[in-house]
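Take a look at the structure below.
It should be emphasised that the depicted structure is a prediction, and the values quoted were computed from it without experimental measurement. Basis for what follows: all heavy atoms, side chains included, without hydrogens, waters or symmetry-related copies.
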Amino acid sequence: MFPSISPVTPASLNLLLLDGVRILFYIGFIFYVIFAFIALRQIEVMRKTVVTPFSTVVFLIGIGHLLLAIGALIFAFFTLM
Amino acid sequence: MPEIFDSSKADKKPAHQHPHPLEATPEDLDVVAATDGEPLKKRLTTEIRKTKNVDDYSSVMRQMKPSHNPFAAFAAKPFNVAFDAQHKDEQVLLLLRQSLITQIKYVVIAIGLAFVPVLFNSVGMLSFLPLNFQFIANVGWYLMVMSYVLEVFLSWFYNVYIITDERIIDVDFHSLLFKNVAYAKIDNIEDITATTSGALGSIFDYGSVRIQTAGAVSEFDFVDVPHPSKVVSFLNELLIEEEQEFHDRRAN
């Protein structure tokens with residue numbers, strides 16, 4: 001007797017594709033968090049190189065950007081689950 | 001025994017206590033120059049010259065008010081601006097960025113990118129995805145647009161050209177990952193060229209200033225800075241001032 005193989009239906013293929021898209025979204029958002037972290041580090045280097053009265057605000061913008069990226073990753077994780 | 005070896009005279013204070021050069025007035029300097037029977041000379045030392053205000057020797061700076069605007073592309077005598085390798089007595093006299101007019105193209109691009117999801121949704125390009133996937137795709141897109149805006153802003157804000165009373169400094173940051181800072185002393189400047197090109201450059205008075213130096217970095221290019229002719233005039237005044245200092249030092 002041969003083992004029974006479940007037939008590939010359009011519905012199962014659709015689910016498989018959605019899983020792939022979901023993983024791609026997760027990877028994209030994780031990369032974005034890494035990018036936001038690198039941007040924050042670079043802002044730190046920039047504000048040490050050139051000191052201006054606005055440097056603190058720029059640093060806060062960088063922190064806000066990183067927090068937003070982390071928030072978006074968490075939001076995407078729960079929305080696509 | 002020569003007086004210099006006579007320790008009994010070591011504690012004796014001089015008849016006139018010379019003030020610190022940085023605190024001295026020109027009258028004090030005359031007294032310094034007149035000691036030991038030398039003739040009275042009206043001469044400024046280098047230390048005193050450092051305390052001189054830039055307005056004393058620069059007609060360009062005299063016409064400008066100190067800039068308190070952190071976003072100014074042409075900030076004369078900028079308030080609270082410094083850089084990491086700044087010397088103790090070094091003053092930042094002029095801070096330059098690319099003219100704001102040159103950044104309009106990035107604003108237009110950002111606005112265009114912000115409307116891309118609207119366009120996509122209107123033709124139903126993402127309609128094969130469930131609604132929650134479409135929503136997250138839009139969130140991701142707007143995050144990328146935001147990162148683009150942030151990168152453009154940081155590149156504009158921190159890519160600066162600084163002119164101090166001693167040096168010119170070119171600070172370059174490319175694509176958030178590459179940093180290059182070049183320094184050259186004012187007295188190493190050999191040739192300065194200002195170029196204004198294009199209709200926008202002529203209308204809004206911005207262009208490039210190319211400075212050739214005798215230092216390790218042979219050329220500085222201030223790209224698309226406002227009022228290039230004023231920058232050149234100011235650099236020429238600084239050069240004349242440095243030359244004057246050099247002659248004073250030799251005479252001393």
Side-chain angles (χ1 to χ4, degrees), chain A residues 10-11 13-15 17-81, chain B residues 67-72 75 78-86 92 95-97 126 128-162 169-181 183:
Chain A
L13 194 65
N14 203 17
L15 280 175
L17 279 174
L18 277 182
D19 279 344
V21 172
R22 183 182 292 123
I23 288 166
L24 282 178
F25 273 132
Y26 289 158
I27 290 170
F29 278 98
I30 287 168
F31 271 112
Y32 194 84
V33 171
I34 294 168
F35 163 76
F37 183 72
I38 292 169
L40 184 64
R41 298 289 300 166
Q42 188 64 11
I43 287 171
E44 188 63 25
V45 172
M46 285 170 161
R47 78 185 193 121
K48 277 180 185 165
T49 307
V50 182
V51 183
T52 73
F54 196 68
S55 295
T56 312
V57 180
V58 174
F59 185 65
L60 290 177
I61 290 171
I63 288 177
H65 180 236
L66 178 62
L67 292 177
L68 201 69
I70 293 168
L73 173 66
I74 295 166
F75 181 71
F77 185 77
F78 284 111
T79 308
L80 301 180
M81 216 161 55
Chain B
S67 173
H68 289 255
N69 179 6
F71 303 110
F79 176 72
N80 259 356
V81 170
F83 56 97
D84 58 350
Q86 190 169 355
V92 176
L95 182 134
L96 299 163
R97 291 188 180 95
L126 294 176
F128 65 95
L129 287 171
L131 277 177
N132 57 343
F133 278 70
Q134 286 186 37
F135 181 68
I136 290 300
N138 287 340
V139 169
W141 179 262
Y142 283 114
L143 274 180
M144 283 196 287
V145 173
M146 199 174 65
S147 72
Y148 174 75
V149 170
L150 185 70
E151 198 267 335
V152 166
F153 170 74
L154 289 174
S155 291
W156 173 77
F157 190 73
Y158 283 109
N159 275 321
V160 292
Y161 313 106
I162 299 171
I169 297 109
D170 182 359
V171 182
D172 280 329
F173 289 99
H174 297 299
S175 69
L176 290 180
L177 295 171
F178 178 77
K179 174 189 170 186
N180 179 45
V181 186
Y183 306 87

_A:Val58, part contacting chain B, at a heavy-atom distance under 4.5 Å_ = side chain
*chain B contact via A:Arg22 - side chain, backbone, both or neither, heavy atoms under 4.5 Å*: both
_Let's test your reading of the structure: which of A:Val50, A:Leu18, A:Val51 forms the most heavy-atom pairs below 4.5 Å with chain B?_
A:Val51
*Looking at A:Gln42, A:Met46, A:Lys48, which has the largest count of heavy-atom pairs under 4.5 Å with chain B?*
A:Met46
*Quick one: CG on B:Leu150 to NE2 on A:His65, what's the gap to the nearest 0.5 Å?*
5.5 Å
*Could you go step by step and tell me if A:Leu40 and A:Phe59 meet the side-chain contact (heavy atoms from CB on, under 4.5 Å) rule?*
CA-CA 7 Å; A:Leu40 184 64; A:Phe59 185 65; 3.9 Å; yes
_Is B:Phe133 close to chain A through its backbone or its side chain, or both, or neither, when contacts mean heavy atoms under 4.5 Å?_
both
*Examine whether an atom of B:Leu129 lies under 4.5 Å from a heavy atom of chain A, and if so say whether it belongs to the side chain, the backbone or both; otherwise answer neither.*
side chain
*Can you tell which part of B:Val81 gets under 4.5 Å to a heavy atom of chain A, answering side chain, backbone, both or neither?*
both
*Select, from B:Pro70, B:Ala82, B:Ala85, the one with the greatest count of heavy-atom pairs under 4.5 Å involving chain A.*
B:Ala82
*Could you give the distance from CG (B:Leu95) to CZ (B:Phe83), rounded to the nearest 0.5 Å?*
10.5 Å
*Interatomic distance, A:Leu73 atom CG to A:Phe31 atom CZ [nearest 0.5 angstrom]*: 12.5 Å
*CD1/A:Ile61 to CG/A:Leu68 distance, rounded to the nearest 0.5 angstrom?*
12.5 Å
*Looking at the rings of A:Phe29 and A:Tyr32, which for Trp means the six-membered one, are their centres under 6.0 Å apart?*
no
*asked:* Please classify the contact between A:Leu17 and chain B as side chain, backbone, both or neither, with a heavy-atom cut-off of under 4.5 Å.
replied: neither
*In terms of heavy-atom pairs under 4.5 Å with chain B, which of A:Ile43, A:Val21, A:Thr49 leads?*
A:Thr49
*Flag this pair as yes if the NZ/CZ of B:Arg97 is under 6.0 angstrom from the six-membered ring centre of B:Phe157 and inside a 45 degree cone about the axis; otherwise no.*
yes
